[in-house]
J.: 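Just passing along the structure, written as C-alpha cells.
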Protein chains: 2
Amino acid sequence: MVTMSEVAKAAGVSAMTVSNVINGHPYVSDETRLKVTEAIGRLGYRVNVAARNLRAGSTGVIGLAVPDIDQPYCAELAGLVIAEAGRRGYQVAVEQTGASREGEINALAQSRLRMYDGLIISTVRLGDADAPTFPTDFPVVALGERIHGGAVDHVSMANFEGAGDVTRHLVERGCRRIAVFGGRTHGEEGAATLRTAGHLAALREAGVEPRDELLVPCVFATEAGAAAVRQLTGAGVAFDAAMCLTDSLAVGVLRGLADRGLTVPGDVLVTGFDDIGLAAYTVPSLTTVAPGHTEMVAAAFDMLLARLLAPRREGRAREFTGPHRLVVRESTTR
Amino acid sequence: MVTMSEVAKAAGVSAMTVSNVINGHPYVSDETRLKVTEAIGRLGYRVNVAARNLRAGSTGVIGLAVPDIDQPYCAELAGLVIAEAGRRGYQVAVEQTGASREGEINALAQSRLRMYDGLIISTVRLGDADAPTFPTDFPVVALGERIHGGAVDHVSMANFEGAGDVTRHLVERGCRRIAVFGGRTHGEEGAATLRTAGHLAALREAGVEPRDELLVPCVFATEAGAAAVRQLTGAGVAFDAAMCLTDSLAVGVLRGLADRGLTVPGDVLVTGFDDIGLAAYTVPSLTTVAPGHTEMVAAAFDMLLARLLAPRREGRAREFTGPHRLVVRESTTR
DNA sequence: TTGTAAGCGTTATCAC
DNA sequence: GTGATAACGCTTACAA
C-alpha cells in the first residue's frame with residue numbers, strides 16, 4: 001500500500017504538505033501542489049481512511065437499522081436516508097433487524113462498538129420498557145413509535161390521525177362494515193395499535209359501532225394480507241371495506257379479494273398506509289396515507305447531526321411527526 | 001472516550017492484557033480476566049474500531065453499489081447481500097449510483113472505496129470500454145453484465161436463456177405478436193440487449209417472424225411500463241402478449257393494460273423477469289424468470305473473499321451465472 | 001501468564 | 001509556504 005510519506009518522498013516534500021494538498025488547504029504553492037498531485041497520480045496513492053478516522057475520531061458513516069430492506073417501505077426509507085446522507089457528507093451502513101425485538105436491541109448494542117458516528121433505527125418492536133437500552137453517550141434517532149420515558153430522539157408519523165382520515169373517507173363513501181387488516185387493540189403500543197385506535201375513534205365519532213370480528217390481526221406482510229382475506233371470507237364475515245394498516249398488506253389483500261372473486265372498488269373499497277411507490281400502480285391503484293417520509297428523514301438527520309455536534313448526555317429528547325396526507329386513488333373511487 | 005489503557009489502569013494490568021481478554025486470547029488467568037471484564041463493564045469501555053482497523057489494515061465493511069435501493073429488485077438483492085455479509089462477519093455500506101454511468105464510475109473510483117475491504121457493484125451502464133475503470137489492486141465483483149476485456153470478476157444471470165424460455169412459453173400458448181417492453185437490439189450490451197436477443201432467437205427458432213414495431217424501448221421502471229402501453233395501443237399496434245424485460249416494468253404494464261380495458265391473461269398474456277417478491281401477489285400474479293439471486297450473491301461473496309485472501313493483481317477473472325428457472329403464474333395461464 | 005516497546009497512516013500544532 | 005513532532009487507540013513481536 002502506498003502511504004503518504006512515500007508520496008512525500010517521491011515529490012520531494014514532507015508528508016504534511018501532501019496532507020495539505022489532499023485536504024485542499026490554502027498556503028500551498030501551485031508548484032508544490034502540482035508536484036504532489038503528480039506523485040499521487042503516478043504512485044496511485046489513496047488516503048487510508050482508517051488512519052484518518054483514528055485521527056479524526058469519527059468515521060463519516062452512520063448506521064441504518066431497518067426491519068427488512070426488501071420490504072418496499074424500508075427500501076424507500078433507506079433510499080431517502082442514503083440520499084440525504086450523501087448530501088450531508090455521510091455514508092450509510094445498513095443492518096437488518098428482522099423485525100424482531102432481539103434484532104433491534106442488538107443493533108442498538110452493537111452500534112457503539114461498530115464504526116458508526118450515529119445510528120438511525122427504524123423500531124417496530126421496542127417499547128416503553130426498552131428506553132434504557134438506548135445509549136446515552138451515542139447519537140441515536142428512533143424512527144417509529146415513541147419510546148416513552150427515555151430521552152430518546154424520535155421521529156414518528158401521524159398514525160392515529162392518518163387512520164382517522166382513512167376511516168372518515170370510507171364512512172363518507174357509505175362503508176359501515178370496515179374490516180381492519182392488521183388491526184390490534186392490545187399489546188405493545190406501535191403502528192398497529194395507534195392506527196387501530198385512530199380508526200376506532202373516528203368510527204365512533206361518525207356514529208358507527210365498531211365490531212370485534214372486523215378487527216383482523218395479522219402481520220404487516222403481503223402474504224399475510226392474502227391469507228387473512230381467505231380466512232375472513234371463509235369465516236363468513238361480511239365487509240364493505242378493507243382498511244389495511246400498511247400498503248404491503250393491502251397488496252396482499254387485493255390479491256386475496258381477487259382470489260375470492262370480489263372486485264375493488266365494486267364490492268369492497270380498499271385502503272393502505274405508507275404510500276409506497278407501488279401504490280400508484282396496483283390494479284386498482286391504492287388509496288393510502290402519505291406519512292411525509294421525506295420530511296421525516298430530514299428531521300432524523302437534523303436530530304442526529306445536532307447530537308453529533310453537541311453530544312450531551314442530558315438534554316431534552318427531540319420529537320418530530322411527519323406531515324401526513326390522504327391520497328385518494330381508484331381503490332376507493334366508484 | 002474510555003481507552004484501553006484507562007481500563008488497564010483501573011484493572012491494575014497492562015493494556016496488552018486488556019487486549020488479550022477482549023480478543024479472547026488464551027493464556028490469561030481467570031482472575032485477571034475477571035478483573036478486566038469488570039473494569040470494562042464499570043467504565044463502559046468499547047473498542048475503538050478505527051484504531052483496530054488501522055492496525056489490522058482492514059475494516060470488515062464491504063461496499064454495495066446499486067442503481068437505486070428502492071427498486072424492488074435492488075432491495076431484494078441488498079437484503080441478500082446484507083444477510084450473507086452478516087453470516088460471513090462483514091458489514092455492508094450501501095451506495096446508490098442512480099443507474100447512471102457516472103454514478104457507477106464514481107462508486108468505483110471514489111477514494112471512499114478505501115474504507116471498504118471490497119466492493120460489490122451492480123452495474124447497469126458500464127460496458128466493455130470501462131474495464132480499465134475497475135481497480136486492479138482492490139477486490140471488486142461486478143453483478144451484472146460481463147465487462148469484456150478486463151480481468152473483472154463478475155456474476156451474471158442467464159439473460160439470453162431466460163428470455164428464450166419465456167418466449168417459447170408464450171409461443172406454446174399460441175402467442176404470435178409478442179410485444180417486448182424494454183426491448184432493444186442496439187446500444188451497449190446489457191440486460192436489455194441480451195434478453196431481447198434471447199427472445200428474437202427463440203422466436204425465429206419457433207418459426208415466428210419478429211416485427212420491429214413490437215420492440216417497445218423503455219427504461220426498466222414501473223411508470224415507464226404504464227406509459228409504454230398507452231403509447232403502443234395509442235399507435236394502434238396489436239399484440240397478444242407483453243413480454244416485459246423486468247418485473248417492475250411488468251407491474252406498470254399490467255397497470256397500463258387495465259387502463260385500456262384489456263384483461264390479463266384474457267386479452268393479453270404478460271411476463272416479467274427477476275421474480276421479485278411482489279410477482280406472486282400482483283393481480284394477476286406474474287409469470288417470470290427467477291434468476292437464482294441467492295446463488296448469485298453467494299458466488300459474489302466467494303469471489304470477493306477469494307480476492308481478499310489472495311489479492312493478486314493478475315489471476316484469471318472469475319465468472320458465475322445464476323441458475324435460472326421459469327416460474328409460471330396466472331398472467332400466462334388461461 | 002503478563003508487560004514493554006514500537007508502529008500502523010494520518011493530521012494539528014507550532015516553529016521555521 | 002513548508003516541515004518536524006507528537007499524538008489518535010490498538011495490537012504484533014518479543015522480553016520477562
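As the structure is a prediction and not an experimental result, all values here were calculated from the model. Labels below follow one simple rule: chain letters A, B, ... track the order of the sequence lines, proteins then strands, and each chain is numbered from 1.
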J.: Does any donor atom in the side chain of A:N106 or A:R101 lie under 3.5 Å from an acceptor atom in the other side chain?
T.: no
J.: Would you say a side-chain N or O of B:T17 is under 4.0 Å from OP1 or OP2 of C:dG3?
T.: yes
J.: Between atom CG of A:L77 and atom CD of A:Q71, what is the distance when rounded to the nearest 0.5 Å?
T.: 12.5 Å
J.: Could you state the atom-to-atom distance from CG of B:N53 to C1' of D:dC8 in whole Å?
T.: 13 Å
J.: For the residue pair B:D117 / B:T59, report whether a side-chain donor-acceptor contact shorter than 3.5 Å exists.
T.: yes
J.: If only side-chain N and O atoms of B:T32 are considered, is one of them under 4.0 Å from the OP1 or OP2 phosphate oxygen of C:dT1?
T.: no
J.: Taking CD from B:E6 and P from D:dG9, how many angstroms apart are they, rounded to a whole number?
T.: 8 Å
J.: Verify whether one side chain among B:Y116 and B:Q91 offers a donor that lies under 3.5 Å from an acceptor in the other.
T.: no
J.: Are side-chain heavy atoms of A:M4 and A:S19 found at a separation under 4.5 Å?
T.: yes
J.: Specify the separation, in whole Å, of atom CG of A:L34 and atom P of D:dT2.
T.: 12 Å
J.: What nitrogen or oxygen pairs link the protein and nucleotides 9-13 of chain C at under 3.5 Å?
T.:
unit_1, atom_1, unit_2, atom_2, d
C:dT10, OP1, A:Y45, OH, 2.3
C:dT10, OP1, A:N48, N, 3.0
C:dT10, OP2, A:M4, N, 2.6
C:dT11, OP1, A:R52, NE, 2.7
C:dT11, OP1, A:R52, NH2, 3.0
C:dT11, OP2, A:S19, OG, 3.0
C:dT11, O2, A:R55, NH1, 3.0
C:dA12, O4', A:R55, NH2, 3.3

J.: Looking at A:A306 and A:R318, what are the two nearest heavy atoms and their distance?
T.: CB-NH2, 3.7 Å
